[in-house]
Trainee: 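One structure, as structure tokens, below. Some questions next.
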Amino acid sequence: MDKIVSFCKRRGFVYQSSEIYGGIRSSYDYGPLGVELKKNIKDEWWRRLVHMRDDVVGVDSAIIQHPRVWEASGHTATFNDMLVESRTSGRRYRADHLIEEATEIDAEGLSAEEMTKVIREDERIKDPVDGGRDFTEARPFNLMFETYTGPVKGPENLAFLRPETAQGIFTNFKNVLDTSRVKVPFGIAQQGKSFRNEITPGNFIFRTREFEQMEMEFFVEPGTDEEWHETWIQERWDWYTGLGMDPENLRVYEHPPEKLSHYSKRTVDIEYDFPFAGWSELEGVANRTDYDLSRHAEFSGQKLEYIDQGTGNRFVPYVIEPAAGADRVALAFIVDAYREEELEGESDDSRVVLKLHPRIAPVKAAVFPLTKKEPVSTKARELYNDLRGDYSIFYDETGAIGRRYRRQDEIGTPFCVTVDFDTLEDDQVTIRDRDTMQQERVPISEVRERLQRLISTGSAAAER
Ligand code: GAP
């Protein structure tokens, strides 16, 4: 993890937030390359789930919503983690994490009383800071961030930052149905920030208090929900592997029935085997039944149902929800792509290379003149100017060509296009592939089309 954190900082992917003030725990800022990577991941998600399908549309709902939304969704009453405080150090911990880190007990889903009992009785459980064993009782702690709307900080103005993007989809179900041409089965997708006052955030951008989600609610006729659930598990798996993630590092984890969330009939997680944390959730794919629409109908007094125009059937749709975190997914893509390679027969004997799929790579291609001198550099600049509107392209004329390649390898740039002396004669350039390090000579007039094809098929990644 230290290696990844320092790599992310060194190359401008992710910085500690407010670093000049000593940083704030578990808040991170994305740098010039990180913002491109995360944006590309979100764009790929949107392309695959919305643009490439006829049956999914998007929304972008508000972060601050009516407080009743969270009563209806169950978040006000039940969106809690169990909290214990150590009387010796004054630190607060998530009770389940404290138990699970010291014992083999699976604490998820235990009640406050059960957790208190385990912590009191099992002597292996100690305050990680000072080894103390004097803890308060476990108590539920609601994870929603509170705020106030307007100038009066009274209970009548209490509001919350959304803890998930999903509810803004359910509350717009009727709007979308009334104003677009969707028919069940159909989905509504949304991406955006969510906020949770996590007791123990950690593992870099894996668990933070402010994060971005990519969620889709797919509305289906009851009875077809189980099949659609399978379809979406497969579809999501294919998205990760299609973008080059190693299937060996992915697995589907089935939630045991007794541990399902209050709204779920069945949930599976797509997990990634992080080197620092083991198998951890990247996204959940849940069958949320008709829970959310029914609750919002009950709390709002509005009818949230669907009438099949063909059969006249009225029903409250069931919902299949793939819900991913953009930051976690970005971390997994970085970890999966990061390599330190020994090279044979090269002047450098090792390189760091980020084998990102070209579609999500922050920079798609770099253009180099072999020399800074005219007219080679002018020719290279012309090519750069020609390509830059299509993709994020980088121009570099400083340093030895080998060093320039290494710099691009390290940030995951899949292709480097070099203009050399021969170009002046034959109007051809070399395109170097990051993964194979093979170079091929291509007429300048074909570079744009060639890059387009290489980026969209991800042939560099396919070579891995
Ligand atoms: N609407 C369902 C829902 O929000 P979730 O499993 O709580 O389900 C979905 O969240 C995804 O959001 C997770 O799989 C994870 O990728 C991401 N996520 C949740 N909490 C997070 C946190 N504190 N930091 C970063 N990502 C988080």
Side-chain angles (χ1 to χ4, degrees), residues 14 17 25-28 30 38 41-42 45 59 61 63 65 69-70 72-75 78-81 94 97 108 141-145 160-171 187-218 229 232-233 236-237 239-240 245 250-255 259-272 274 277 279-289 291-293 295-296 319-335:
V14 182
S17 180
R25 191 173 161 223
S26 132
S27 272
Y28 295 94
Y30 285 79
K38 187 154 82 145
I41 290 171
K42 288 188 293 174
W45 186 92
V59 295
S61 71
I63 285 170
Q65 301 169 30
V69 169
W70 310 111
S73 67
H75 284 86
T78 63
F79 194 53
N80 303 317
D81 278 337
R94 239 177 93 164
H97 286 180
E108 201 190 323
F141 172 78
N142 194 287
L143 299 184
M144 281 200 294
F145 269 103
F160 303 92
L161 305 186
R162 67 178 176 201
E164 63 173 18
T165 58
Q167 297 305 321
I169 295 177
F170 295 121
T171 54
I188 306 178
Q190 167 154 238
Q191 299 180 336
K193 288 253 169 147
S194 292
F195 302 83
R196 297 182 189 177
N197 198 3
E198 301 279 0
I199 301 167
T200 45
N203 277 336
F204 196 34
I205 52 172
F206 180 84
R207 188 186 311 282
T208 50
R209 297 196 169 108
E210 173 183 345
F211 53 96
E212 256 182 294
Q213 289 190 306
M214 310 185 286
E215 300 198 287
M216 198 268 294
E217 311 301 323
F218 197 77
H229 197 182
W232 277 108
I233 295 166
R236 296 302 304 138
W237 177 276
W239 183 81
Y240 290 102
M245 205 176 268
L250 284 172
R251 74 172 185 193
V252 169
Y253 167 77
E254 181 87 38
H255 283 231
K259 293 205 175 151
L260 290 173
S261 314
H262 57 282
Y263 53 72
S264 173
K265 174 171 163 187
R266 179 184 171 215
T267 298
V268 305
D269 290 343
I270 297 182
E271 295 189 329
Y272 185 81
F274 285 98
W279 291 105
S280 313
E281 173 186 342
L282 288 184
E283 93 172 68
V285 189
N287 181 342
R288 291 182 79 119
T289 68
Y291 176 84
D292 302 271
L293 286 181
R295 291 276 292 189
H296 285 300
V319 171
I320 307 300
E321 175 197 67
D327 312 86
R328 243 180 227 194
V329 170
L331 181 60
F333 273 120
I334 291 173
V335 168

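Counting convention: from 1, in listed order, for ligands and their atoms alike.
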Trainee: Identify the closest protein heavy atom to atom 16 (O) of ligand 1: which residue and atom is it, and at what distance?
Mentor: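 Protein heavy atom with the smallest distance to atom 16 (O) of ligand 1: Leu282 O, 2.8 Å.
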Trainee: For ligand 1, which is the ligand I care about here, please tell me if Phe211 has any N or O atom under 3.5 Å from one of the ligand's N or O atoms.
Mentor: no
Trainee: Examine Ile205 against ligand 1 and note whether any of their N/O atoms are separated by less than 3.5 Å.
Mentor: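 No, since none of the N or O atoms of Ile205 sits under 3.5 Å from an N or O of ligand 1.
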Trainee: Relative to atom 23 (N) of ligand 1, which among Val329, Thr208, Asp269, Thr165 owns the nearest non-hydrogen atom?
Mentor: Thr208
Trainee: Check whether any side-chain heavy atom of Glu283 lies under 4.5 Å from a side-chain heavy atom of Tyr240, and answer yes or no.
Mentor: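 Glu283 vs Tyr240: side chains touch.
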Trainee: Starting from atom 3 (C) of ligand 1, which protein heavy atom do you reach first, and at what distance in Å?
Mentor: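 Residue, atom and distance for the closest contact: Glu215 OE2, 3.4 Å.
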Trainee: For a quick check under 3.5 Å, do Thr171 and Gln65 share a side-chain donor-acceptor pair by atom type?
Mentor: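 No pair is found: no donor N or O on one side chain lies under 3.5 Å from an acceptor on the other.
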Trainee: Considering only protein heavy atoms, which is closest to atom 25 (C) of ligand 1, and at what distance to one decimal place?
Mentor: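 The closest one turns out to be Phe206 O, 3.1 Å.
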Trainee: Among all protein heavy atoms, pick out the one at the shortest distance from atom 15 (C) of ligand 1; state its residue, atom name and that distance to 0.1 Å.
Mentor: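 Answer for atom 15 (C) of ligand 1: Arg328 NH1, 3.4 Å.
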Trainee: Starting from atom 14 (O) of ligand 1, find the nearest protein heavy-atom neighbour and note its residue, name and distance.
Mentor: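 Nearest protein contact, heavy atoms only, for atom 14 (O) of ligand 1 is Glu281 OE2, 2.6 Å.
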Trainee: State if Arg288 counts as touching ligand 1 under the rule of any non-hydrogen atom under 4.0 Å.
Mentor: yes
Trainee: Which pair of non-hydrogen atoms, one from Ala326 and one from Lys42, has the smallest distance, and what is that distance?
Mentor: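 The pair with the smallest heavy-atom distance is CB-CG, 4.1 Å.
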Trainee: Is a side-chain donor or acceptor of Asp327 paired with a backbone partner of Lys38 at a separation under 3.5 angstrom?
Mentor: no
Trainee: Do Trp232 and Phe218 have ring centres separated by under 6.0 Å?
Mentor: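 Ring centroids of Trp232 and Phe218 are less than 6.0 Å from each other.
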Trainee: Select one of side chain, backbone, both or neither to describe which atoms of Glu321 lie under 4.0 Å from any atom of ligand 1, heavy atoms only.
Mentor: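 Side chain only.
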Trainee: Does His229 reach the main-chain N or O of Val285 with its side chain, forming a donor-acceptor pair under 3.5 Å?
Mentor: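 The answer is yes, because a donor-acceptor pair under 3.5 Å joins these two groups.
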Trainee: Could you check whether any side-chain N or O of Asp269 sits under 3.5 Å from a backbone N or O of Glu271, counting only pairs where one atom can act as donor and the other as acceptor?
Mentor: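 Judged by distance alone, no pair lies under 3.5 Å.
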Trainee: I'd like to check whether Gln213 has a polar contact with ligand 1, where a contact means an N/O of the residue lying under 3.5 Å from an N/O of the ligand.
Mentor: yes
Trainee: Heavy-atom pairs closer than 4.0 Å: do any link ligand 1 to the side chain of Met214, the backbone, both, or neither?
Mentor: neither
Trainee: Does ligand 1 come near enough to Tyr263 that some N or O of the ligand is less than 3.5 Å from an N or O of the residue?
Mentor: no
Trainee: Examine the proximity of ligand 1 to Asp327 and report which part, side chain or backbone, both or neither, has a heavy atom under 4.0 Å away.
Mentor: neither
Trainee: Going by atom types alone, do Ser73 and Gln167 pair a side-chain donor with an acceptor below 3.5 Å?
Mentor: no
Trainee: Compare Arg196, Glu210, Glu164 and give the one whose heavy atom is closest to atom 7 (O) of ligand 1.
Mentor: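 Closest candidate by heavy-atom distance is Arg196.
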Trainee: Are Val268 and Tyr253 side-chain neighbours, meaning at least one heavy-atom pair lies under 4.5 Å?
Mentor: no
Trainee: Sub-3.5 Å donor-acceptor pair from the side chain of Arg328 to the main-chain atoms of Glu281, do we have one?
Mentor: yes
Trainee: Under the side chain to side chain contact (heavy atoms under 4.5 Å, CB included) criterion, do Arg209 and Phe145 qualify, and how do the steps go?
Mentor: CA-CA 9 Å; Arg209 297 196 169 108; Phe145 269 103; 4.0 Å; yes
Trainee: Could you tell me the residue and atom name of the protein heavy atom closest to atom 17 (C) of ligand 1, and the distance to it rounded to 0.1 Å?
Mentor: Gly325 CA, 3.6 Å
Trainee: Using distance alone, decide if ligand 1 has a nitrogen or oxygen within less than 3.5 Å of any nitrogen or oxygen in Glu198.
Mentor: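 Yes.
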